[in-house]
Amino acid sequence: MSSAIRPRGGTRQVGRIAAVSVAAALVLTACGSDDDGGSGGGGGGGGGSDSALDLPDLSGETLEVAGVWTGAEQSNFMAAIADFEEQTGATVNFVPTGDNLATFIGQKIDGGAAPDVALVAQVGVVHEFAERGWLAPVGDLAQEQLSENYDQGWQDLGAYDGEQYGVYVKAANKSLVWYNTTSFTNAGVEAPTTWDEFVSTAGVLSDSGVDPVSVGGADGWTLTDWFENIYLSQAGPEMYDQLADHEIPWTDQSVTDALTTLGELFGEERLLAGGSAGALRTDFPTSVTQTFADLDAPAAAMVYEGDFVASVISDSTDAVVGEDALVFPFPAVGDDSPVVSGGDVAVALSPDTGEATEAQQALMAFLASTDAARTWAGQGGFLSPNKSLEFDAYPDDVQREIAEALISAGDDFRFDMSDLAPAAFGGTTGQGMWQALQDFLRDPEDIEGVQEYLESQAASAYGD
């Protein structure tokens, strides 16, 4: 196991290599780099190439894939799946699960109708599924693709108790702030690099007549990402690891400090599009579209979230990524800008036998291949951990630079804290981190109450 990987909950490592490489790439982007050669190059960061896939004839077979994705994310995934259907003759249906994927899968299994493959965002959920005997190993063909195309850290994230159950089909850099270039030009501001500069820039934007920051507070997961970036930058990687493992309580002073910092934004109504009440009514896609749908008179100047924002911009607005929409690294609260990674892992469900069917193994192998990643990347708003994927597969320089930064980091990264946690704490609507941070957005002065709730929920979920 890589030194950057720890078994409980998967990897936590977002080290200095990742932070520096991402920041360097994005500074070039924010300055409007127009080098057509960009960071495209001919091959992926690892210099590998995918091994030839020999997929079986699956004519007449139907596979069901379950995941939380909707809109552009779902459409772009199915565009890649169309290649699998063409190669094998199989039919693949996508079943939306809603936000609580773990509950959905459990109910389907109880009813004897488990999907063939689930797309899971949380490492903790994969471990729970494996412990319950719901998962099947990926199979030899998928393992060949993983060994060829993935660094060990990404393979370890999809493994549990020495068995490879998952294929990471999608990665995310969740430490990016996207901005409307017209708003910044009109206000006479530039991309900030520190948290203090970020809050000051937001104030100038407000004075110019545009709401500074769009927050998708109706989706609790976006708020956990805000907290995690601030905490990682302010408290540092070691404290981040300890909090992720619940080795320190959520009542710790480091959490108080991070919430206090976040309150400098969430506690200033004029800095949020629609104020806190408006933010709590705004879902993630709307937080993006209201920043870029009307370029001359947007509802907000900036929106924080991962590289996948690009797909919403391209799919739902006329804004052009790299021109109307630029990006800068999440501002540094401490010495360095944070880099928090996330991702979605495909797992084959087989609660009855514990073995994957030929069709399931074929789909898992395809998802680990460069064929799938290449088609998916071309749709935009997608980042692949597949090191063999050539950077030219991405549709613009912004996404190429983000992808190159991810691949150059290798195994040295930290994973989204809420996705590492048990689902009851890190990924369930109406409880845990999601509920606590919505409560905090509603009342940023009640830091103590939020911390006490977080600790109570964590103690229950972690079985302390």
Side-chain angles (χ1 to χ4, degrees), residues 14-16 18-32 172-181 183-185 187-208 210-217 222-237 239-240 254-255 257-268 270-273 279 287-288 291 300-307 309 325-342 398 401-402 405 413-414 416-417 437 440-441 444:
V14 170
R16 293 180 183 273
V20 171
S21 61
V22 170
L26 295 177
V27 164
L28 292 174
T29 299
C31 292
N173 176 339
K174 304 184 83 172
S175 299
L176 307 174
V177 180
W178 300 79
Y179 65 97
N180 182 311
T181 56
S183 295
F184 269 50
T185 299
V189 295
E190 298 180 350
T193 59
T194 69
W195 180 260
D196 287 344
E197 290 175 359
F198 176 75
V199 175
S200 176
T201 297
V204 174
L205 286 162
S206 178
D207 292 340
S208 76
V210 60
D211 286 346
V213 184
S214 178
V215 175
T222 69
L223 305 182
T224 68
D225 292 345
W226 275 102
F227 171 83
E228 289 157 4
N229 277 274
I230 289 173
Y231 190 87
L232 177 59
S233 182
Q234 188 171 48
M239 293 290 284
Y240 185 96
S254 62
V255 179
D257 294 342
L259 289 173
T260 300
T261 298
L262 184 55
E264 294 173 7
L265 175 67
F266 285 5
E268 290 290 331
R270 76 187 188 102
L271 301 185
L272 305 178
S287 73
V288 178
T291 308
M302 295 182 282
V303 60
Y304 155 71
E305 252 311 336
D307 54 277
V309 164
L326 292 181
V327 64
F328 58 86
F330 195 97
V333 183
D335 293 335
D336 299 309
S337 288
V339 182
V340 176
S341 296
V398 172
E401 288 164 353
I402 294 171
F413 58 90
R414 266 178 177 75
D416 182 303
M417 186 186 298
L437 289 164
F440 178 70
L441 176 57

Sidechain-backbone polar pair: Thr222 side chain, Gly216 backbone, donor-acceptor under 3.5 Å: yes

So do Phe328 and Met302 actually touch side chain to side chain, heavy atoms under 4.5 Å? yes

Nearest heavy-atom contact between Leu232 and Val340 is CD2-CG2, 3.9 Å

From Val303, Val309, Asp211, residue fulfilling side chain to side chain contact (heavy atoms under 4.5 Å, CB included) relative to Thr291: Val303

Can you see which heavy atom on Ser175 is nearest to which on Val339, and at what distance? OG-CA, 3.2 Å

Within the 4.5 Å heavy-atom criterion, are Thr181 and Tyr179 side-chain neighbours or not? yes

Any chance you could measure Leu437, atom CG, to Leu262, atom CG, to the nearest 0.5 Å? 7.5 Å

Distance check, rounded to the nearest 0.5 Å: Tyr304 atom OH versus Leu176 atom CG? 8.0 Å

Side chains of Tyr231 and Val333: does their closest heavy-atom pair fall under 4.5 Å? no

Checking side chain to side chain contact (heavy atoms under 4.5 Å, CB included) between Pro212 and each of Leu205, Thr201, Asp207, which is the one that passes? Leu205

Aromatic ring pairing Phe266/Trp226, orientation class (parallel under 30°, perpendicular over 60°, tilted between): perpendicular

Keeping Asp307 on the side-chain end and Asn173 on the backbone end, is there a donor-acceptor pair under 3.5 Å? yes

With distance as the sole test, does Trp195 use its side chain to make a donor-acceptor pair with the main-chain N or O of Phe330 at under 3.5 Å? no

Taking Asn229 for its side chain and Lys174 for its backbone only, find out whether a donor-acceptor pair lies under 3.5 Å. yes

Provide the closest heavy-atom pair for Pro331 versus Ser337 in the form atom of the first, atom of the second, distance. C-OG, 4.2 Å

Smallest separation among heavy atoms of Glu305 and Trp178, with atom names: O-NE1, 3.3 Å

Could you tell me which non-hydrogen atom of Val215 sits nearest to which non-hydrogen atom of Ser287, and how far apart they are? C-CB, 4.1 Å

Contact summary for Phe440 and Leu259, nearest pair of heavy atoms: CZ-O, 3.1 Å

Do Tyr240 side-chain atoms and Ser233 backbone N/O form a donor-acceptor pair below 3.5 Å? no

Go through it in stages, so that I can follow the logic: the residues are Thr261 and Gln234, the test is side-chain hydrogen bond (donor to acceptor under 3.5 Å, both in side chains), and I'd like the CA-CA distance, side-chain angles, deciding distance and then a yes or no. CA-CA 9 Å; Thr261 298; Gln234 188 171 48; 3.0 Å; yes

